[in-house]
Amino acid sequence: MASHTLVTALDAAETTRLGRTIRPLAEAHPSLSGVFALVEGRDAFAARVLLADAAERTLDVQYYIWRNDMSGKLLLGALRRAADRGVRVRLLLDDNSTSGLDALLATIDAHPAIEVRLFNPYGLRRWRLLSLVTDFARLNRRMHNKSFTADGQATILGGRNVGDEYFGAHEDLSFADLDVMAVGPVAQDVERDFERYWTDESAHPVERLLSRADPASIAALEASAGLIERDPAARAYVEALSSSSFVHDLVACRLPFEWAAVRLVSDDPAKARGRAAENDWMWPRLEQIVGRPERELQLISAYFVPGESGVERLVDLARRGVAITVLTNSLEATDVPAVHAGYAKRRKALLEGGITLLEMRRSLSGPAPKGRGKMGSSSTSLHAKTFSVDGARVFIGSFNFDPRSARLNTEMGLVIDSPELASRLAGWLARETPDRAYQVQLGANGKLQWVERRAGVEIVQDREPGSTFARRVALSVLSRLPIEWLL
């Protein structure tokens, strides 16, 4: 099956518009891949829609979460438009976040050019909690991968799921996230990796799990697609996309790709069944590829739970002279308090070991960040998963630095040999975090302090920002529970 996929991708390079556009660029940079970082949520959404509209042969789409909200419906509409043109669309979703979507997924799957599969599905569709309790060892493991590949020629992967909060379209919340669009050899690597998951025994066709969609459901889906496209909020969002310089550059084929050595690192799907050898897990292989930092490590992780062994390794690096900076969510910004508890109990040891800790604030003062416009969010939460080593190599992907990503879930990402991208990441940390993050430090009494900078003025807080007494007690209790392996 993998060889068939490769032939299809090579054929698409000759016969599709995407292939003909990308081929001369790739030939001018032999053995390298072109990458473009997607920082703004709206650009990340537009890139996916434009790839769907440009596809002529195949669309292979893999996600952990796909919300049935405005952006989710618009993107499903783009997949259906492609299928109507005869593009083969394959949609692989982890089943953990599809509650309430069975009828919709069955209806989408009814299209002759679309096939939907669910990874590691719940056996009891209406009684998911009961299914989880009776089959916890299996259902606790999830497919966290995220990729969107057109014609085997261009791919998008990174930290974003599909939902309004990831694409700058949510009224109240926006995730600060990071994807990368890639073309060249690595796009074919992602295509092959998708095939590996698609044909894995954990990927089940929805036609075997769900009731067949009837003609009325199909008609209702077609009608709802038209309604969402005419919705005032959706129209305003799409109109905002049309004014994006990124969109203009992408449509005009003048996107400034950076050409670099890029390697895909991905878990074996057997990890989701507990059958992958530990040496084959993504994290050990990622360490081998990236190598031991010698001068600098800058790590951005929405969910950062290093554990005792992780703290020891980071402190050991710091003692060897490696400057380490970690940016994660503050308590007020996190959407998973239990994960924050797993990180919070390690803060003091990290600080004593010489690691710089930054925590993203929830509320942003001043103008809304670029890309939000009138639909701007009142709060933000970090969701990106990236790190750079020695100003030379960058990882961008789905991997959180926590036990769940390391041991339970399947993950994927790109290692990019790019001093330029590493420099931009360092520049973003230096430029943006003073106004958007607390710096955590140890006070003279050895207790934690949070330093907030506003208009050049430092404000020092001795209590966790945004917390109440009850929340601090709850955090303390959570940090003492033996649940770190689940986080």
Side-chain angles (χ1 to χ4, degrees), residues 64 141-142 144-146 157-161 175-179 265-267 271 278 281-293 296-318 322-331 333-351 353-360 381-390 393-416 422 425 429 433 437 440 479 483-487:
Y64 174 61
R141 296 174 177 272
R142 307 312 318 175
H144 198 237
N145 310 40
K146 313 155 200 320
L157 58 82
R160 288 184 177 94
N161 294 296
F175 280 132
D177 218 326
L178 181 63
D179 292 325
V265 188
S266 175
D267 274 314
K271 182 183 175 188
E278 188 169 340
W281 291 351
M282 180 173 163
W283 179 242
R285 291 188 293 116
L286 189 57
E287 286 185 302
Q288 292 174 1
I289 292 172
V290 172
R292 177 184 286 268
E296 181 182 60
L297 172 63
Q298 296 184 321
L299 190 155
I300 299 174
S301 181
Y303 311 113
F304 178 60
V305 186
E308 185 176 354
S309 62
V311 171
E312 291 175 354
R313 295 169 78 175
L314 289 172
V315 170
D316 179 64
L317 287 174
V322 178
I324 301 175
T325 301
V326 176
L327 172 65
T328 190
N329 275 313
S330 64
L331 175 61
T334 188
D335 60 330
V336 188
V339 169
H340 186 80
Y343 149 72
K345 66 182 180 182
R346 308 292 181 187
R347 282 186 294 210
K348 190 171 183 179
L350 289 166
L351 291 170
I355 285 87
T356 298
L357 292 182
L358 304 172
E359 295 182 0
M360 179 73 79
S381 181
L382 184 68
H383 195 262
K385 310 98 169 45
T386 182
F387 68 86
S388 69
V389 173
D390 293 337
R393 295 175 299 282
V394 176
F395 169 83
I396 299 173
S398 67
F399 187 93
N400 290 304
F401 292 83
D402 57 21
R404 173 161 291 279
S405 283
R407 297 178 174 275
L408 297 175
N409 292 348
T410 66
E411 307 285 352
M412 69 186 304
L414 300 181
V415 176
I416 306 167
L425 181 63
L429 277 171
T433 54
V440 188
S479 69
I483 59 173
E484 192 170 72
W485 66 281
L486 290 170
L487 303 178

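A donor and an acceptor atom, one from each side chain of Asn145 and Ser398, are nowhere located under 3.5 Å apart.
Of the possible polar contacts, none joining the Ser388 side chain to the Val394 backbone as a donor-acceptor pair under 3.5 Å is found. A side-chain donor-acceptor contact under 3.5 Å links Arg141 to the backbone of Lys271.
Phe387 and Leu425 make their closest contact through C-CD2, 4.2 Å (heavy atoms, listed as atom of the first residue, atom of the second, distance). For the residue pair Met282 and Ser266, the shortest heavy atom distance occurs at SD-CA, 4.4 Å. Here the closest non-hydrogen pair linking Val305 and Pro403 is O-CD, 3.5 Å. Closest approach of Val339 and Phe304 over heavy atoms only: CG1-N, 4.4 Å. Taking both residues in full, the closest heavy atoms of Leu286 and Val265 are given as CD1-CG2, 4.1 Å, listed atom of the first, atom of the second, then distance. Counting all heavy atoms, side chain and backbone alike, Ser301 lies closest to Phe401 at OG-N, 3.3 Å.
The pair Arg292-Asp316 counts as a salt bridge, with a side-chain nitrogen and a carboxylate oxygen less than 4.0 angstrom apart.
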Side chain to side chain contact (heavy atoms under 4.5 Å, CB included) between Thr328 and Met360, worked out: CA-CA 6 Å; Thr328 190; Met360 179 73 79; over 6 Å; no

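Results of the salt bridge (charged side-chain N to carboxylate O under 4.0 Å, His left out) test with Asp179 over Lys146, Lys385, Arg160 single out Arg160 as the only residue that passes. A side-chain contact (heavy atoms from CB on, under 4.5 Å) with Val311 is found for exactly one of Lys348, Arg347, Arg346, namely Arg346.
One distance of note links CG of Leu299 with OG1 of Thr386; it measures 8.5 Å at 0.5 Å rounding. In this structure, Lys345 NZ and Glu484 CD are separated by 4.5 Å, a value rounded to the nearest 0.5 Å. Of the inter-residue distances, the one linking Asp267 atom CG with Arg285 atom CZ reads 6.5 Å to the nearest 0.5 angstrom. If you take OH on Tyr343 and OG on Ser330, they are separated by 9.0 Å, rounding to the nearest 0.5 Å. Leu358 contributes atom CG, which lies 10.0 Å from atom CD of Gln298 (distance to the nearest 0.5 angstrom). Taken from CG in Leu382 to OH in Tyr303, the straight-line distance is 8.5 Å, to the nearest 0.5 Å.
Looking only at side-chain heavy atoms (C-beta outward), Asn161 and Asp177 stay at 4.5 Å or farther from each other. Residues Trp485 and Arg407 fail the side-chain proximity criterion, which asks for heavy atoms closer than 4.5 Å. Between Tyr64 and Asn409 the shortest side-chain heavy-atom distance does not fall below 4.5 Å. Between Glu359 and Val440 there is a side-chain heavy-atom pair separated by less than 4.5 Å. Two residues are said to be in side-chain contact when any heavy atoms from C-beta on lie closer than 4.5 Å; Ile300 and Leu429 meet this criterion.
Atom CD of Glu308 is surrounded by 12 or fewer heavy atoms from other residues, nucleotides or ligands within 6.0 Å.
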